[in-house]
A.B. asks: 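Please find one structure pasted underneath; my questions will follow.
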Amino acid sequence: MAKSILIIEDEKNLAKFVSLELQHEGYEVEVEHDGRSGLNKALEKDYDLILLDLMLPEMDGYEVTRRLQLEKTTYVIMVTARDSVMDIVTGLDRGADGYIVKPFAIEELLARVRAIFRRQDIEKAKYVTKPDGTYRDLQLDVHNRAAIRNGETIPLTKREFDLLSVLMENINQVMTREELLAHVWKYDQEAETNVVDVYIRYLRGKIDVPGKESYVQTVRGMGYVIRDK
């Protein structure tokens, strides 16, 4: 089955060109030209990948990514003219799985798309055979990429699920921020380790029970751990 791609790009000529090239490669492609319409389309359907411009009318790419992550785990490559290191780091920290700067060679974009799909297929294969995990009253539902407590599903973003999964796989082992970056974000370039702290906070906000000890413990000066009590 062909991979599906949604392009959210307000430069119509560029969007048409990229769409045709992707279709020529055998992908199913749809296009939206503003952030709000793109977000609505992304929430309505399950795409394998979204190519997302940052500077969009109606809603910028950062906000599209933020809202999308609340409900979906779709892979996102940000496509933008912003090329500073901080712009790239911000895009990745906001949840993008890749970042390409305009103007770009179409061969580079196609290569990045193939790389994302290879990673996606590897992760899917890994989770097909990987057993669900349980810690205290929290169960990790690998198939649906969610946490379950007392029969109720706690939806997690792709990053949150992967972060919890890595910590549960390494129970009683303190994971440094650098190790978590390598396992969860798989960055090719240097990234600020405080993104791990941000996502630990997001994760705790979803899985922790008020008044009870956090599932994820902070080890000062080192990193984070889930301890088997």
Side-chain angles (χ1 to χ4, degrees), residues 62 65-76 78 85-99 116 119-120 122-229:
Y62 290 135
T65 303
R66 186 189 72 80
R67 297 194 188 189
L68 181 65
Q69 285 192 320
L70 296 176
E71 300 184 40
K72 298 276 190 172
T73 59
T74 313
Y75 286 71
V76 174
M78 288 186 173
V85 172
M86 283 310 301
D87 285 327
I88 295 172
V89 170
T90 299
L92 294 170
D93 286 353
R94 296 288 182 91
D97 299 281
Y99 196 105
I116 286 289
R119 186 202 310 175
Q120 190 180 95
I122 290 170
E123 290 181 357
K124 284 182 178 178
K126 178 175 65 176
Y127 287 120
V128 164
T129 58
K130 184 177 175 181
D132 292 346
T134 301
Y135 172 68
R136 283 162 51 181
D137 59 349
L138 195 68
Q139 180 184 359
L140 198 64
D141 181 348
V142 171
H143 179 71
N144 294 305
R145 298 179 66 81
I148 299 174
R149 182 192 296 115
N150 300 326
E152 294 188 5
T153 298
I154 305 170
L156 303 174
T157 67
K158 179 168 75 273
R159 301 288 193 205
E160 292 163 354
F161 176 86
D162 289 343
L163 186 56
L164 179 59
S165 179
V166 168
L167 288 167
M168 288 181 66
E169 286 173 16
N170 295 277
I171 201 162
N172 295 322
Q173 178 180 334
V174 178
M175 302 292 290
T176 67
R177 292 169 177 81
E178 291 77 12
E179 288 173 330
L180 291 170
L181 275 175
H183 281 84
V184 177
W185 279 263
K186 301 178 178 64
Y187 282 162
D188 294 328
Q189 63 264 54
E190 290 296 321
E192 296 180 8
T193 56
N194 64 1
V195 68
V196 176
D197 302 324
V198 172
Y199 273 84
I200 289 288
R201 187 167 66 249
Y202 292 160
L203 182 60
R204 284 171 170 164
K206 290 186 177 181
I207 66 174
D208 283 358
V209 178
K212 294 188 177 181
E213 185 179 35
S214 176
Y215 290 89
V216 181
Q217 300 298 307
T218 301
V219 181
R220 190 176 300 277
M222 295 183 65
Y224 297 96
V225 64
I226 289 180
R227 299 193 189 279
D228 186 13
K229 296 186 176 180

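Quick note: residue numbers are just sequence positions, from 1. None of the values given here were measured: they were computed from a predicted structure.
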A.B. asks: Specify the closest pair of heavy atoms between R204 and T218, including all atoms of both residues, with the distance to one decimal.
C.D. replies: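 For R204 and T218, the tightest heavy-atom pair comes out as NH2-OG1, 2.8 Å.
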A.B. asks: What's the shortest heavy-atom distance between A96 and M78, and which atoms?
C.D. replies: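 Answer, listing the atom of A96 first, then M78: CB-CG, 3.7 Å.
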A.B. asks: Is the backbone of V76 close enough, under 3.5 Å, to the side chain of D97 for a donor and an acceptor to pair up by distance?
C.D. replies: yes
A.B. asks: Just wondering, do L163 and I200 contact through their side chains at under 4.5 Å, heavy atoms?
C.D. replies: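 When only atoms from C-beta onward are counted, L163 and I200 do touch, with a gap below 4.5 Å.
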A.B. asks: Does some side-chain heavy atom of I148 sit less than 4.5 Å from a side-chain heavy atom of I154?
C.D. replies: no
A.B. asks: Are the side chains of E160 and Y199 in touch, meaning some heavy atoms are under 4.5 Å apart?
C.D. replies: yes
A.B. asks: Would you give the length of the straight line joining atom CZ of R159 to atom CG of L203, rounded to the nearest 0.5 angstrom?
C.D. replies: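 With rounding to 0.5 Å, CZ (R159) is 14.0 Å from CG (L203).
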A.B. asks: E169 versus H183: any side-chain heavy-atom pair under 4.5 Å?
C.D. replies: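 Result no, sub-4.5 Å side-chain heavy-atom pair not found.
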A.B. asks: Do any N or O atoms from the side chain of S214 and from the backbone of V216 form a donor-acceptor pair under 3.5 angstrom?
C.D. replies: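 A pair under 3.5 Å: yes.
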A.B. asks: Which of these, L164, V174, N172, sits in a side-chain contact (heavy atoms from CB on, under 4.5 Å) with I226?
C.D. replies: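 Only match with I226 under side-chain contact (heavy atoms from CB on, under 4.5 Å): L164.
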A.B. asks: Should N150 and E152 count as side-chain neighbours, where that means a heavy-atom distance under 4.5 Å?
C.D. replies: no
A.B. asks: So, do Y202 and V198 sit near enough that their side-chain heavy atoms are less than 4.5 Å apart?
C.D. replies: yes
A.B. asks: Any heavy-atom pair between the side chains of F161 and L140 that's under 4.5 Å?
C.D. replies: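 They are in contact (side-chain heavy atoms under 4.5 Å apart), so the answer is yes.
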A.B. asks: What verdict does the side-chain contact (heavy atoms from CB on, under 4.5 Å) test give for V166 and E179, after you've listed the backbone C-alpha separation in whole Å, the side-chain angles of each residue and the deciding distance to 0.1 Å?
C.D. replies: CA-CA 10 Å; V166 168; E179 288 173 330; over 6 Å; no
A.B. asks: Got a donor-acceptor contact below 3.5 angstrom from the D208 side chain to the Y215 backbone?
C.D. replies: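 Yes; judged by distance alone, with no hydrogens or angles, the pair exists.
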A.B. asks: State, yes or no, whether a side-chain contact exists between V225 and M175 at a heavy-atom distance under 4.5 Å.
C.D. replies: no
A.B. asks: Keeping Q173 on the side-chain end and N170 on the backbone end, is there a donor-acceptor pair under 3.5 Å?
C.D. replies: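 Not confirmed, Q173 side chain does not pair with N170 backbone.
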A.B. asks: Just verifying a value: how many Å separate K72 NZ and Q69 CD, rounded to the nearest 0.5 Å?
C.D. replies: 13.5 Å
A.B. asks: What are the two closest heavy atoms between L156 and K206, and how far apart are they?
C.D. replies: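 What the structure gives for the nearest pair is CD2-CD, 3.9 Å.
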